[in-house]
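Okay, so here's the structure we're looking at.
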Amino acid sequence: MTIRHFIDLWQLPSHELRAILDQAHAMKRARTGWPKGKVDADAPLEGHTLAMIFEKSSTRTRFSFDMAMRQLGGSSITATSSDMQLGRGETIEDTAKVLSRYVDAVMIRANDHGDVESFAEAASVPVINGLTDRSHPCQIMADLMTLEEHGLTLEGARLAWVGDGNNVCSSMIHAAPKFGFSLAIGTPDRYAPDDEDVILAREEQGRIDLFDTAEEAVVGADVVIADTFVSMGDKDADERLAELDPYAVTEELMELADGQAKFLHCLPAHRGEEVDAEVIDGPQSLVWDEAENRLHAQKAILRWCLSK
Ligand code: CP
Ligand code: NVA
């Protein structure tokens, strides 16, 4: 039987991704007003345990996956790679084989995307990508859920990404053809998204438009999206901050987008760098719902991974 890994959005058919989002909305609605630690009425993952391995820092991913497993009726075990023999040179493959004997699924946040792929190849349980240098698919499922919750129809919607064409941007590119929205990306040439991602999306008839400025990318956008200018693992912080400064999301930039445009940011945010406080803390910002929806979207991802 094929193991249901959740590594990258481009690998999954759109009907499966649509079903995951539908389930996320339904599960969120079903527990409106409940205490956060109460188990869902159907406890769908009762008896199941998720292992979480972190090679990099995390607030949202760590807490939302842990709470997701609790609400689904299961449990989780968290370790940083430096706590594990992985940090002393045990191989990814051996670690994957051993953990597969203990737990029902593994979530990994890794420095190197290839390590998540190698882990999944060696594992005999589902593996979920909790962010790598190349992508962050769980984040994008939460982002899309948030936009739908706020009344946006994804098919035909116009999303704009400005700043660094990074890992989160790559997953948004992967999602564009799956959900039928267009994505305009404004970055300096040096920080443009990976060609490979753009080619993949365009092969599936995804509409991806690349621009040199933030201003061109946001014109007419329904949604403006930003992320940090310096991602975990980036070594050239000073150069990035200087070169990306003109791509900051300001109130003026938001005015160039549709008057009602929503603002998304995966967090953590750096006010005064990639976004002004007036925008991220203002009425067009959806960032707190976006952060909450990591929990609901991941519950649906976990159910999908563990469904027979
Ligand atoms: N957005 C996100 O993945 O946040 P953390 O790094 O806190 O997990
Ligand atoms: N692009 C950021 C996202 C953090 C959630 C990083 O990789 O650090």
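Computed from a predicted structure; not experimentally measured.
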Any chain of hydrophobic side-chain contacts (each under 4.5 Å) joining [X] to [Y]?
X	Y	value
Leu144	Met27	yes
Ile77	Val116	yes
Tyr247	Leu264	no
Leu154	Leu17	yes
Val218	Val223	no

Measure the [atom1]-[atom2] distance between [X] and [Y] for me, rounded to the nearest 0.5 Å.
X	Y	atom1	atom2	result
His25	Arg29	NE2	CZ	7.5 Å
His174	Gln11	NE2	CD	8.5 Å
Asp245	Leu241	CG	CG	8.5 Å
Lys56	Asp133	NZ	CG	6.0 Å
Leu72	Met67	CG	CE	10.5 Å
Thr187	Leu210	OG1	CG	7.0 Å

Original post:
Salt bridge check: are Lys262 and Glu149 linked by an N-O gap of less than 4.0 Å?
Top reply: no
Locate the shortest heavy-atom distance separating [X] from [Y]; write the atom from each residue and the value.
X	Y	result
Met69	Ser75	CE-O, 3.6 Å
Gly73	Ala43	CA-CB, 4.4 Å
Ile3	Ala123	CD1-O, 3.7 Å
Val127	His5	N-ND1, 2.9 Å
Ala184	Phe211	CB-CE1, 3.8 Å
Pro126	Cys305	CG-O, 3.3 Å

Is there a donor-acceptor pair closer than 3.5 Å between any side-chain N or O of [X] and the backbone N or O of [Y]?
X	Y	result
Asp8	Trp10	no
His48	Glu46	yes
Asn167	His136	no
Arg240	Phe229	yes
Thr153	Glu155	no
Asp112	Gly114	yes
Thr250	Leu253	yes
Asp40	Asp42	no
Arg109	Ser57	yes
Arg134	Ser170	no

Check: [Y] and [X] side chains under 4.5 Å, non-hydrogen atoms:
X	Y	answer
Arg190	Glu239	yes
Thr228	Asp164	no
Ile140	Leu9	yes
Val125	Tyr102	no
Trp304	Gln23	no
Pro268	Thr59	no
Val230	Leu244	no
Thr61	Cys138	no

Original post:
For Gln71 and Leu295, what are the C-alpha separation, side-chain angles and deciding distance, and is it a side-chain contact (heavy atoms from CB on, under 4.5 Å)?
Top reply: CA-CA 9 Å; Gln71 290 188 2; Leu295 166 63; 3.8 Å; yes
**OP:** For residues 88-108, pull every pair meeting salt bridge (Lys or Arg N to Asp or Glu O under 4.0 Å), keeping only residues two or more places apart or in separate chains.
**Re:** none
Original post:
Which is it for Gln298 and Met107 under the side-chain contact (heavy atoms from CB on, under 4.5 Å) test, yes or no, and what are the steps along the way?
Top reply: CA-CA 11 Å; Gln298 285 157 198; Met107 190 238 59; over 6 Å; no
Subject >> Trace of the side-chain contact (heavy atoms from CB on, under 4.5 Å) decision for Lys28 with Asn293 >> reply: CA-CA 9 Å; Lys28 181 175 180 180; Asn293 285 334; 2.9 Å; yes
Subject >> Identified side-chain hydrogen bond (donor to acceptor under 3.5 Å, both in side chains) counterpart of Lys178 within the set His15, Glu16, Glu204 >> reply: Glu204
Original post:
Has Arg31 got more than 12 heavy atoms of other residues, nucleotides or ligands less than 6.0 Å from its CZ?
Top reply: yes
Subject >> No-hydrogen, no-angle side-chain donor-acceptor test under 3.5 Å, His265 and Glu274 >> reply: yes
Subject >> Between Thr78 and Arg62, a side-chain donor and acceptor under 3.5 Å >> reply: no
Original post:
Can Leu131 and Met232 be said to form a side-chain contact (heavy atoms from CB on, under 4.5 Å), step by step?
Top reply: CA-CA 10 Å; Leu131 180 147; Met232 292 180 279; 4.2 Å; yes
**OP:** Can you label the angle between the Phe179 ring and the Phe181 ring as parallel, tilted or perpendicular, going by 30° and 60°?
**Re:** parallel
Subject >> ILVMFWY cluster membership beyond Val219 - transitive side-chain contacts under 4.5 angstrom >> reply: none
